[in-house]
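What follows is a single structure, written as structure tokens, with notes after it.
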2 protein chains.
Amino acid sequence: MSNSELKEALDTLKATGVRITPQRHAILEYLIKSMSHPTADEIYKALEGKFPNMSVATVYNNLRVFREVGLVKELTYGDSSSRFDYVTSNHYHVICESCGKIVDFHYPALDEVEQLASHVTGFKVSHHRMEVYGTCPDCQKKDVH
Amino acid sequence: MSNSELKEALDTLKATGVRITPQRHAILEYLIKSMSHPTADEIYKALEGKFPNMSVATVYNNLRVFREVGLVKELTYGDSSSRFDYVTSNHYHVICESCGKIVDFHYPALDEVEQLASHVTGFKVSHHRMEVYGTCPDCQKKDVH
DNA sequence: TTATTACTTTATAATCTTTATAATTAGTGT
DNA sequence: ACACTAATTATAAAGATTATAAAGTAATAA
């Protein structure tokens with residue numbers, strides 16, 4: 001359940017060489033267990049009790065790290081501050097146009113796109129597909145030489 | 001072409017009782033002719049020559065007015081400032097799984113997905129594709145009977 | 001054309017979110 | 001435990017957007 005999700009998240013961090021600090025642990029735990037889309041400030045305030053000395057910058061820094069690793073999505077709706085969403089299970093593919101290699105990358109499902117398509121066209125939407133195309137790091141090196 | 005678009009836009013303003021000031025005219029014209037997604041500040045700087053005394057607040061105020069009237073869409077991608085888009089024609093496809101019909105729907109390009117994929121996988125991304133699948137209104141009716 | 005009125009613009013300041021900096025602290029692999 | 005390097009803290013700064021009040025101006029009708 002959410003505990004195994006946390007464990008998975010920590011494994012992801014370890015695998016990508018991101019240090020696991022108490023603050024990171026707490027922020028991740030909060031994101032996973034809160035089941036909401038908190039702002040950075042909400043997270044900061046929620047963890048004030050546990051980490052009285054934690055800086056807001058730490059929250060922002062770590063949310064950025066999580067986002068870069070694909071664990072968290074930053075939602076930029078219209079309002080003034082970003083909201084952060086723990087990414088559960090969805091992933092898409094990046095495909096190398098040179099050698100055909102396929103690599104997973106995590107990204108939350110594009111629910112909003114489905115909703116909009118459904119609303120605008122009257123379709124009853126069942127699913128969608130998306131792929132990103134480009135050149136993998138190996139082939140980029142080859143191209144240079 | 002873009003001139004008639006501008007004319008249409010001005011008609012829309014008139015029809016909705018929004019005053020047409022020189023600044024509004026210029027901002028609209030810039031949005032339509034620039035063919036880009038400028039930030040408020042970019043618009044401000046672009047019109048500096050024509051309106052040396054124009055305030056940034058004027059740009060923001062009017063972009064809000066245009067948005068409220070539906071002439072402009074505010075795009076909140078990841079970066080720090082909003083971008084403003086004059087109703088354009090980016091689109092994807094919805095495909096009926098029952099009869100194969102394909103219908104366009106408009107949606108801003110998923111630049112953010114490309115960026116994330118590129119960052120996480122190291123690929124040099126060239127493009128992406130996305131389709132939504134479902135049942136078209138006609139086939140929904142058939143299914144019922 | 002001119003007067004009126006309400007809406008706009010300008011200039012400035014304030015607010016709020018997010019990032020940068022530098023010194024200190026603390027994970028992690030050996 | 002040690003050394004290496006990254007992360008945290010505290011603070012300041014930057015940057016985007018909004019608020020305010022005074023001055024200006026577009027639209028309308030007499």
Side-chain angles (χ1 to χ4, degrees), chain A residues 9-30 37-69 71-84, chain B residues 9-30 37-69 71-85 112:
Chain A
L10 295 174
D11 285 348
T12 301
L13 290 189
K14 204 176 260 178
T16 43
V18 174
R19 286 186 186 171
I20 296 164
T21 65
Q23 293 88 339
R24 285 182 177 161
H25 193 287
I27 293 170
L28 266 183
E29 188 176 16
Y30 180 76
H37 308 136
T39 63
D41 196 60
E42 280 165 8
I43 297 170
Y44 174 63
K45 287 202 166 62
L47 301 181
E48 224 167 20
K50 233 182 210 166
F51 298 88
N53 295 324
M54 185 167 63
S55 167
V56 205
T58 298
V59 177
Y60 277 101
N61 286 340
N62 290 331
L63 288 170
R64 190 186 62 239
V65 168
F66 297 158
R67 190 191 60 208
E68 287 170 352
V69 174
L71 283 176
V72 159
K73 174 166 188 214
E74 182 171 358
L75 307 170
T76 52
Y77 296 140
D79 46 356
S80 50
S81 35
S82 289
R83 300 183 162 275
F84 296 85
Chain B
L10 294 173
D11 286 348
T12 301
L13 290 189
K14 204 175 257 177
T16 43
V18 174
R19 287 189 185 167
I20 296 164
T21 66
Q23 293 88 339
R24 283 179 180 164
H25 192 286
I27 293 170
L28 265 184
E29 189 176 15
Y30 180 76
H37 308 137
T39 62
D41 195 60
E42 280 165 6
I43 297 170
Y44 174 63
K45 288 204 166 60
L47 301 180
E48 224 167 21
K50 232 182 210 165
F51 298 88
N53 296 322
M54 185 167 64
S55 167
V56 204
T58 298
V59 177
Y60 277 102
N61 286 339
N62 291 331
L63 287 171
R64 192 186 58 238
V65 169
F66 297 156
R67 190 191 59 208
E68 286 169 354
V69 174
L71 283 177
V72 160
K73 175 160 190 216
E74 183 172 355
L75 306 171
T76 52
Y77 294 140
D79 45 356
S80 52
S81 33
S82 288
R83 302 184 160 274
F84 296 86
D85 193 15
E112 188 192 328

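Chain letters run A, B, ... following the sequence lines, proteins first, then strands; residues in each count from 1.
Using a 4.0 Å heavy-atom criterion, one finds that A:Pro22 contacts the sugar-phosphate atoms exclusively.
Listed pair B:Tyr60 / D:dT18 fails the phosphate criterion, with no side-chain N or O lying under 4.0 Å from OP1 or OP2. For the OP1/OP2 pair of C:dT8 and a distance below 4.0 Å, the side-chain nitrogens and oxygens of B:Thr58 include no atom meeting the criterion. Taking only side-chain nitrogens and oxygens, B:Thr39 never comes nearer than 4.0 Å to OP1 or OP2 of D:dA16. Here A:Ser80 does not reach the OP1 or OP2 of C:dC16: none of its side-chain N or O atoms lies under 4.0 Å away. Dashed line: the shortest gap from a side-chain N or O of A:Ser55 to OP1 or OP2 of D:dT8 is not under 4.0 Å. Residue A:Gln23 has no polar side-chain atom (N or O) positioned under 4.0 Å from OP1 or OP2 of C:dA26.
A residue-by-residue look at A:Asp41 and A:Asn61 shows that A:Asp41 has its nearest nucleotide of DNA chain C further toward the 5' end. Checking B:Val18 against B:Phe84, the closest nucleotide of DNA chain D that is more toward the 5' end is the one next to B:Phe84. When each of B:Ile20 and B:Arg64 is assigned the nucleotide of DNA chain D bearing its nearest heavy atom, the one mapping closer to the 5' terminus is B:Arg64. Of the residues near DNA chain C, B:Gly17 and B:Asn53, the one whose nearest nucleotide (by heavy atom distance) lies more toward the 5' end is B:Gly17.
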Given side chain to side chain contact (heavy atoms under 4.5 Å, CB included), test A:Tyr44 with A:Thr58 step by step and report yes or no. CA-CA 9 Å; A:Tyr44 174 63; A:Thr58 298; over 6 Å; no
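Scanning all heavy atoms of the two residues, the minimum distance from B:Ala40 to B:Tyr60 falls at CB-CZ, 3.6 Å. Summarising the geometry of A:Arg24 relative to A:Phe66, their closest heavy-atom pair is O-CZ, 3.8 Å, with the distance given to 0.1 Å.
A donor-acceptor contact under 3.5 Å links the side chain of B:Arg19 to the base of C:dA6.
Just one of A:Arg67, A:Arg83, A:Arg64 meets the side chain to side chain donor-acceptor pair (under 3.5 Å) condition when paired with A:Glu74; it is A:Arg67.
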